[in-house]
Amino acid sequence: MPLRFYNTLTQQVQPFEPLDGPGPGTTVRMYTCGPTVYDFAHIGNFRTFVFYDLLRRWLRADGYKLDHVMNITDVDDKIIRNAVAQGKSLGEYTDIYTKAFLDDCATLRLERPERIARATEHIPQMAAAIHKLEEHGFTYRSDGSVYFRIGKFPEYGKLSHNDFSGMVSGARVDVDEYEKSDARDFALWKAPKEGEFAWDTEIGPGRPGWHIECSVMAIQYLGSTLDIHAGGIDLVFPHHENEIAQSECLTGKPFSRFWVHSEFLLVDGQKMSKSLGNFYTLRDLFGRGFTPESVRYLLASVPYRKGLNFTFDGLKSAQTAIERLRNFKFRLDSAKLPEGVNETLITQATAAVAEFRSAMDDDLNTAEALGAVFEFLRHANTALDAGEFHTGNLDSARRLLALFDSVFDVLNPTAQTGGLSEEEVEQLIAARAAAKKSRDFARADQIRKELTEKGIVLEDTKDGVRWKRKS
RNA sequence: GGCGCGGUAGCCAAGUGGUAAGGCAAGGGUCUGCAAAACCCUUAUUCGUCGGUUCGAUCCCGACCCGCGCCUCCA
């Protein structure tokens, strides 16, 4: 079965085929909605960003090349309000959170998109696009602001599968404190209010509405029709619906072939959001001693279209599962194996690789993919215990782990700063080994205790002493 | 009300018209100077409820109950 995704547009899982034809070798044009940098991102946000990362990695595993653009929204009402309140310029304010966001992404091992595009660096292009929409009669003005006239786009609602035809035109909702002639219309360009910051452009002074930046930057860098447009499920309406309206009126072409959306992360069964105040940032979790890998694993292990209920137990369980995988890798690297090959295990490893691939091809079913890995891990551990894992079984076992880690990327521990150096630890371990050999167990236990107190965990294995830093 | 997602063992979770993957936890065992760690084994006659279709349904159909999200800014 080929790679396939659930497409919000068609409400079906369908084979993925880019505009330029199926892979391998085809470049996939992908646009993902990034953060609004008015605060630290929380792990609910990162659920979606981890999803983008899985999408990237798996497209590449299937032989595709990538041209991936992600935006950073660095201008909106909240940003302006907060920047003014803190007496900072827009740039000074957003730089802080932009940098924090990019740092967090790196910590979570999220691959960097080919291009990260900031809204404020594309203001003239947005103005030009709005101007073009005005020329073609898709807009109207009100007090210097420009609105998109939804009535001009009959397909409006096709993504969110809402039927707007019954809505009464002219009903007024004054949510944005701007005058609209139809509740469904949305702002392309907002005129500055008294004393507000504004850009001077060919369509007059003001600032862009939220939706236009994505359309403009996506089309500028990726062309009129994207292969994949991704985002959190809450963006389906109105954000992505509006993007479609603007973009398709601008180019006359379908804006994206696939629309993929990640479900929410919940806390205590409720959406994690800043307005509810029930959110955690990565910094919060690291402060409680959790590792970046365990956060990454937890967010990746539940398939993206299923709501994920965040708990600390879940995080702990992720950490333990990672440890088990690392232990297995350690055994492969250190165990003394008999020569030869165990054909049964070769078959099992090959099957596990195939299962992993087919699970991921099936709309990124990470839970099923993990099942294949752990099942093989159990077979292999049993064989290792019985001395039936041979040197000839190493390659296939490592191939499976490599495939797993090319997606999950959790096997290598994040380097920790502080504490004993590796050399110091090795010296103490050697001293303990010597004490044990001369049956001075009191001394050996003393050294072990010292190490434990300094956060070093020792494991006596058949193949020598292994140590790791306690997380 | 409209649109959408989900209800599978203590928790997380996959899945198929033919009789329930996997992870964590728990219990048992192996190993070990002791310990820790590691590894192995065991754990759902049952898949929200009630009907229907079928030789047979957790998986198909209908009704209902419950949880969550979007419909206004939001990953």
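Letters A, B, ... are given to chains in the order of the sequence lines, protein chains preceding strands, and every chain is numbered from 1. For the numbers below, each heavy atom of this structure counts, side chains included, while hydrogens, waters and symmetry mates do not.
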- Task: Using the C1' atom on both, measure B:U43 against B:G23 and round to a whole Å.
- Result: 14 Å
- Message: Can you measure A:Tyr304 atom OH to B:G6 atom C1' for me and round it to whole angstrom units?
- Response: 16 Å
- Query: Does A:Arg331 pair with A:Asp385 as a salt bridge, N-O distance under 4.0 Å?
  - Reply: yes
- Message: Students often get this wrong, so: under 4.0 angstrom with heavy atoms, is A:Thr36 touching a base, only sugar-phosphate, or nothing?
- Response: sugar-phosphate
- Task: Do nucleotides 9-23 of chain B as a string where each nucleotide becomes B, S or -: B if the base has a protein heavy atom under 4.0 Å, S if just the sugar-phosphate does, - if no protein is that close.
- Result: ----SSS-----BSS
- Query: Whom does B:G56 pair with, Watson-Crick or G-U wobble, provided both distances fall under 3.5 Å?
  - Reply: none
- Task: Check every strand shown and say whether A:Ser160 touches a base, only sugar-phosphate, or nothing at a heavy-atom separation below 4.0 Å.
- Result: sugar-phosphate
- Counting only Watson-Crick or G-U wobble pairs whose two distances fall under 3.5 Å, which nucleotide matches B:C24? B:G10
- Task: Could you let me know what B:U30 is paired to, Watson-Crick or G-U wobble, both distances under 3.5 Å, or none if it's on its own?
- Result: B:A38
- Query: Can A:Arg398 and A:Asp333 be counted as an ion pair, charged N to O under 4.0 angstrom?
  - Reply: yes
- B:A9 versus B:C5 - spacing of their P atoms, nearest Å: 22 Å
- Message: Just to be sure I understand the rule, does A:His42 reach a base, reach only the sugar-phosphate, or reach nothing, if contact means heavy atoms closer than 4.0 Å?
- Response: base
- Message: When the C1' atoms of B:A57 and B:U8 are compared, how many Å lie between them, rounded to an integer?
- Response: 14 Å
- d(CZ, A:Arg443; C1', B:C34) in whole Å: 17 Å
- Side-chain donor or acceptor of A:Arg296 paired with backbone N/O of A:Phe408 under 3.5 Å: yes
- Task: Round to a whole Å and report the spacing from CG of A:Asp460 to P of B:A37.
- Result: 12 Å
- Task: Go through B:C73, B:G33, B:C40 for me and flag the one nearest to the A:Asp385 side chain.
- Result: B:C40
- Please measure how far the P atom in B:C61 lies from the corresponding atom in B:A20, and state the result in whole Å. 23 Å
- Message: Let's go through A:Glu248 and A:Lys158 carefully: what are the C-alpha distance in whole Å and the side-chain angles of both, what is the deciding distance for salt bridge (charged side-chain N to carboxylate O under 4.0 Å, His left out) to 0.1 Å, and is it a yes or a no?
- Response: CA-CA 12 Å; A:Glu248 300 194 354; A:Lys158 68 179 174 182; 2.8 Å; yes
- Name the closest nucleotide to the A:His161 side chain, picking from B:C3, B:A35, B:C39. B:C3
- Message: Tell me whether A:Asp103 is salt-bridged to A:Lys99, with the criterion being a basic N under 4.0 Å from an acidic carboxylate O.
- Response: yes
- Message: Which nucleotide wins on minimum distance to the side chain of A:Arg448, given the candidates B:C73, B:C3, B:C34?
- Response: B:C34
- Identify the nucleotide, in any strand shown, that forms a Watson-Crick or G-U wobble pair with B:U46, with both distances under 3.5 Å; if there is none, say none. none
- Task: Choose from B:C71, B:A37, B:G33 the nucleotide whose nearest atom is closest to any side-chain atom of A:Phe237.
- Result: B:C71
- Task: Could you tell me the separation between the NZ atom of A:Lys158 and the P atom of B:C71, rounded to a whole number of Å?
- Result: 21 Å
- For atom C1', what is the distance between B:U16 and B:A21, given to the nearest Å? 11 Å
- Message: Checking A:Ala433 now: which residues fulfil side-chain contact (heavy atoms from CB on, under 4.5 Å) with it, not counting sequence neighbours?
- Response: none
- Task: Let me know, please, whether A:Cys33 or A:Lys468 comes out on the 5' side of the other along RNA chain B by nearest nucleotide.
- Result: A:Lys468
- Message: What's the closest nucleotide to the side chain of A:Asn162 if the choices are B:G33, B:G2, B:A75?
- Response: B:G2
- Message: Side-chain N or O of A:Asn327 versus OP1/OP2 of B:A38: is the shortest distance under 4.0 Å?
- Response: yes
- Got a salt bridge between A:Glu293 and A:Arg326, using NZ or NE/NH1/NH2 to carboxylate O under 4.0 Å? yes
- Euclidean distance, atom CD of residue A:Glu213 to atom C1' of B:C73 [Å, nearest integer]: 14 Å
- Query: In terms of side-chain geometry, is the basic nitrogen of A:Asp405 or A:Arg109 positioned less than 4.0 Å from the acidic oxygen of its partner?
  - Reply: no
- How is A:Leu458 classified with respect to the nucleic acid when contacts are heavy atoms under 4.0 Å: base, sugar-phosphate, or nothing? base
- Message: Between the base of B:G33 and the side chain of A:Asp445, is there a donor and acceptor pair under 3.5 angstrom?
- Response: yes
- Note on the structure: Across every strand shown, the nucleotide meeting Watson-Crick or G-U wobble geometry with B:U16 (both distances under 3.5 Å) is none
- Nearest to the side chain of A:Lys271, which nucleotide is it out of B:A75, B:C70, B:G33? B:C70
- Looking only at atom P, what distance separates B:G48 and B:U30, rounded to whole Å? 40 Å
- Message: Going by purine N1 to pyrimidine N3 plus the second Watson-Crick contact, or the G-U wobble pair, all under 3.5 Å, which nucleotide sits opposite B:G1?
- Response: B:C71
- Separation of A:Phe264 atom CZ from B:C5 atom P, in whole Å? 15 Å
- Query: Whole Å only: how far is the CZ atom of A:Phe376 from the C1' atom of B:C40?
  - Reply: 16 Å
- Task: For the side chain of A:Gln270, starting at C-beta, report the closest nucleotide among B:A75, B:C68, B:C39.
- Result: B:C68
- Query: Going by an N to O cut-off under 4.0 Å, is there a salt bridge joining A:Arg207 and A:Asp77?
  - Reply: yes
- Message: At 4.0 Å (heavy atoms only), tell me whether A:Phe441 reaches a base, stays on the sugar-phosphate, or touches nothing.
- Response: base
- How would you list, by chain and number, every residue that makes a ring-ring contact (aromatic ring centres under 6.0 Å, His included) with A:His42, sequence neighbours excluded? A:Phe279
- Message: Quick check for you: among B:A38, B:C68, B:G33, whose closest atom lies nearest to any side-chain atom of A:Glu459?
- Response: B:A38
- What distance, rounded to whole Å, do you find between the two P atoms, one in B:U54 and one in B:C59? 16 Å
- Message: Taking only the C1' atom of each, what is the distance from B:A75 to B:A38 in whole angstrom?
- Response: 39 Å
- Once you round it to whole Å, what is the distance between P of B:G4 and CH2 of A:Trp259? 18 Å
- Message: What I want to find out is whether A:Arg56 reaches A:Asp53 closely enough, with some N-O distance under 4.0 Å, to be called a salt bridge.
- Response: no
